[in-house]
Amino acid sequence: MSNNKKLLIAFGVAMASFAVVVAITLSAGTLKPILPQPEQLIFEIEGEGSLESSQSFQAPDNWQLRWDFDGPDKYATVLDMIRWTNSEGKSNEVVAMHRKPIRTGSGVYIGQGGEYRLSVKGKGPWRIRAYRFDPLDKTASGQ
């Protein structure tokens, strides 16, 4: 069998497989676009080294805490702990793993709203932001 025939057969099998996947997907329901959730900055703090924040912020339900440290020498910045404490005294934290600092440019979903304060242990310059997520517009997402 020539290479051209083998190529045509392989292409035909691939197209048939693709058609089957599309048919199964379409029969399972309608395809809808996945829209990103709109976000809104609700709090931002920048600092250097360790900090016990006296400044509180109000967060609604469905929010996320994000941090980054990208100063002139990002290897000189190390975050060992980021703690958020609500007005009832309940706290949670992100801590460094053994001999590894907290990863830069990351975040954590908090979800529960309320009044919060932050504590940071580390060295070097850093920035922490809190974002709220608005529910998607049901009409825009086709629901």
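Nothing here was measured: the structure is a model prediction, and the numbers come from that model.
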#### Entry: Flag if over 12 foreign heavy atoms under 6.0 Å of CD, Gln112
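No - once you tally the heavy atoms of other residues, nucleotides and ligands closer than 6.0 Å, there are 12 at most.
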### Task
Give the cluster check for Tyr116 versus Val108: same hydrophobic cluster or not, with ILVMFWY residues linked at side-chain heavy-atom distances below 4.5 Å.
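Yes: a chain of side-chain contacts under 4.5 Å links Tyr116 to Val108.
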### Task
Treating Ile, Leu, Val, Met, Phe, Trp and Tyr as nodes and any side-chain heavy-atom pair under 4.5 angstrom as an edge, say whether Met81 and Ile110 lie in one connected cluster.
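Cluster IDs for Met81 and Ile110 differ.
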Please report the closest heavy-atom contact between [X] and [Y], naming both atoms and the distance.
X      : Y      : answer
Asp61  : Gly113 : OD1-N, 2.7 Å
Gly49  : Val120 : O-CG1, 4.1 Å
Ser119 : Glu52  : OG-OE2, 2.9 Å
Glu48  : Pro125 : CG-N, 3.7 Å
Ser50  : Gly122 : OG-N, 3.2 Å

With side chains defined as the heavy atoms from C-beta onward, is the minimum distance between [X] and [Y] less than 4.5 Å?
X      : Y      : value
Arg129 : Leu41  : yes
Ile128 : Phe43  : no
Asp68  : Trp126 : no
Glu39  : Arg66  : yes
Tyr131 : Leu65  : no
Leu51  : Ile45  : yes
Trp67  : Ile82  : yes
Glu44  : Arg127 : yes

### Message
Using ring centroids (six-membered ring only for Trp), state whether Phe57 and Trp63 fall under 6.0 Å.
### Response
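Between Trp63 and Phe57, the centre distance is under 6.0 Å.
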### Message
Between Asn86 (side chain only) and Glu115 (backbone N and O only), is there a donor and an acceptor less than 3.5 Å apart?
### Response
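Not a single qualifying donor-acceptor pair exists.
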### Query
Once you round to the nearest 0.5 Å, how far does CZ of Arg83 lie from OG of Ser91?
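If I round to the nearest 0.5 Å, the distance is 5.0 Å.
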### Query
Looking at OG of Ser56 and CG of Leu118, how far apart are the two atoms once the value is rounded to the nearest 0.5 Å?
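These two atoms lie 10.0 Å from each other.
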